[in-house]
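A short write-up of the structure that comes next.
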Amino acid sequence: MANDEYELALVQEKAVAHVQAMALRLLDRGGMTRTELADAMGVSQSYVSQIFADEPQNFSIKNAARIFHYLGEKLVFTCDGIERMNREAISRNAQRAAALHASAKTFSWIGHDISNDDSGSCQARDLVAA
């Protein structure tokens, strides 16, 4: 039981640290200070400092999303299972597209040949590549 609690605490801390690190990298890339972020968000500098602290206060998904919004980004969540499902779906879609492309090559319409006869009527011939 104690080991499960320890593992859970590690997972939670790692997730928080990951989000904090992403936000700090974006701050640095954008040349924005924590003070400027606080001003943009309409909160105190101490509020932003609390969020980036080793033991963050007021840290929530809503607050993290808000920070990323003011950094001009969208915070996206995923997990290993979803990423695996996405890779599998991409692979299936690529296989389907390849099969569709192969079948389309078998019977593809190239175009129409339209010619006039002496009576002024048009005759259209479909050209098909086999």
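The minimum heavy-atom distance linking Ser44 with Ala38 is given by the pair O-CB, 3.7 Å. Among all heavy-atom pairs drawn from Ala65 and Leu75, the shortest one is N-CD2, 3.9 Å. The shortest non-hydrogen separation linking Phe52 to Ala23 is CE2-CB, 3.7 Å.
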task = Apply the test side-chain contact (heavy atoms from CB on, under 4.5 Å) to residues Phe68 and Met22: give CA-CA distance (whole Å), side-chain angles for both, the deciding distance (0.1 Å), then the verdict.
result = CA-CA 9 Å; Phe68 280 78; Met22 289 190 306; 3.8 Å; yes
query = Can you list the steps and then say if Glu73 with Arg25 is a salt bridge (Lys or Arg N to Asp or Glu O under 4.0 Å)?
reply = CA-CA 12 Å; Glu73 296 288 337; Arg25 287 176 67 195; over 6 Å; no
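Note that the CD1 atom of Ile67 and the CD1 atom of Ile51 stand 4.0 Å from one another [nearest 0.5 Å]. Interatomic distance, CG of Leu71 versus CG of Leu27, reported as 5.0 Å (0.5 Å rounding). Here the CE atom belonging to Met32 is positioned 10.5 Å from the OH atom belonging to Tyr70, to the nearest 0.5 angstrom.
Judged as a salt bridge (Lys or Arg N to Asp or Glu O under 4.0 Å), and not counting sequence neighbours, Glu13 has no contacts.
Residue Met41 forms a side chain to side chain contact (heavy atoms under 4.5 Å, CB included) with just one option from His69, Glu36, Arg66, and that option is Arg66.
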Can you list, pair by pair, the side-chain donor-acceptor contacts under 3.5 Å of residues 77-97, counting residues two or more places apart and other chains?
unit_1 : atom_1 : unit_2 : atom_2 : d
Thr78  : OG1    : Glu83  : OE2    : 2.7
Asn93  : ND2    : Ala89  : O      : 3.3

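Atom CD1 of Ile61 has 12 or fewer heavy atoms from other residues, nucleotides or ligands within 6.0 Å.
No side-chain heavy atom of Pro56 sits less than 4.5 Å from a side-chain heavy atom of Gln50.
In this model, a donor atom of one side chain and an acceptor atom of the other lie less than 3.5 Å apart for Tyr47 and Asn63.
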